[in-house]
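What follows is one structure encoded as structure tokens, with my remarks underneath.
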Amino acid sequence: MELAAAQGPPAAAQILTTAVEGADDVDTVAYADLLNRLVAAAPAAWTADVPAVLAELGPPVLRVSYLAAAAAAAHRPNILPQDNLSHALHAALRLRRALPAAAPGARRAPAGPDGDRIVLLCADEAVFGLLTEAWQRPACLTEGLLPTALAHLHALAEQLTRPAHPPDRRHTPARGTRCRPGPGGARP
């Protein structure tokens, strides 16, 4: 915390990035948690120049942790001033689109087998937290950001309109049959 206060958030972000480069998964998650706590402790300093901090954060796990922490503090006064909310939201949307879907065989992010899922959830948390604040500050959604945000929301809504798995026709009762199990639990 002293380093972040003395040299500024971009310098601290660069040090965290360097530390993560040689870290295992457990340590990487610990560094992401540390970054989250640093932002929570001094959100005005950490959100005063979002592009500078993001430029120093390398791995997606650190970037989504930073953006989620910024989103969590965004409702407070003097957090994400001027264009910083727009920069943070744009970065969160861009990062979310760039993350691979959790597919079999995809390279896993830190935190074990659910690493991709954790990074995706944090990215979604950042996007939705920042969008929530951006709706309160409409000027942030100008300059082409509104269409990007709406495209993201439409893509999410479209996924919700498709069944997760196609229906299994073998277990669909024929027309005119009972849907309840018969005596002894067997279907008629």
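Worth saying up front: this structure is predicted, and the values here are computed from it rather than measured.
Rounding to the nearest 0.5 angstrom, the gap separating the CZ atom in R63 from the CD atom in E56 is 10.5 Å. Going from atom CZ of R94 over to atom CG of L89 covers 10.5 Å, rounded to the nearest 0.5 Å. Rounded to the nearest 0.5 Å, atoms OG1 (T17) and CG (L57) are 4.5 Å apart. Atom-to-atom distance recorded for L153:CG and F128:CZ is 5.5 Å, nearest 0.5 angstrom. Interatomic distance, R76 CZ to I79 CD1, rounded to the nearest 0.5 Å: 5.5 Å. Note that the CG atom of L54 and the CG atom of L95 stand 8.5 Å from one another [nearest 0.5 Å].
T18 and Q14 are linked by a side-chain donor-acceptor pair at a separation below 3.5 angstrom, with hydrogens and angles left out of the test.
Shown here for A52 and P10, the closest heavy-atom pair between the two residues is CB-CG, 3.9 Å. Closest heavy-atom contact between A123 and L99: CB-CD1, 3.7 Å. Of all heavy-atom pairs between A23 and D27, the closest is CB-CB, 3.6 Å. Looking at every heavy atom in both residues, N36 comes nearest to S65 through CB-OG, 3.8 Å. What you find for A91 and L67 is that their closest heavy atoms are C-CD1, 4.1 Å. Here the closest heavy-atom approach between residue L130 and residue L85 is recorded as CD2-CD1, 3.7 Å.
Using modelled atom types, no side-chain atom of T47 and backbone atom of A70 make a donor-acceptor pair closer than 3.5 Å. A donor-acceptor pair is defined here as one N or O able to donate and one able to accept, closer than 3.5 Å; such a pair exists between the side chain of N84 and the backbone of V50. At least one donor-acceptor pair closer than 3.5 Å links the side chain of Y66 to the backbone N or O of W46.
Counting heavy atoms from C-beta on, the side chains of T148 and R97 come closer than 4.5 Å. With a 4.5 Å cut-off on side-chain heavy atoms, L62 and P59 count as touching. Within the 4.5 Å cutoff, the side chain of V64 has no heavy atoms near those of the L121 side chain. Proximity of D33 to V29: side-chain heavy atoms (C-beta onward) are nowhere separated by under 4.5 Å.
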task: Please step through side chain to side chain contact (heavy atoms under 4.5 Å, CB included) for the pair V53 and D49, ending with a clear verdict.
output: CA-CA 7 Å; V53 174; D49 192 355; 5.6 Å; no
message: Under the criterion side chain to side chain contact (heavy atoms under 4.5 Å, CB included), I'd like the reasoning laid out for E133 against L80: C-alpha separation, chi angles, the key distance, then a yes or no.
response: CA-CA 10 Å; E133 186 61 27; L80 294 164; 5.6 Å; no
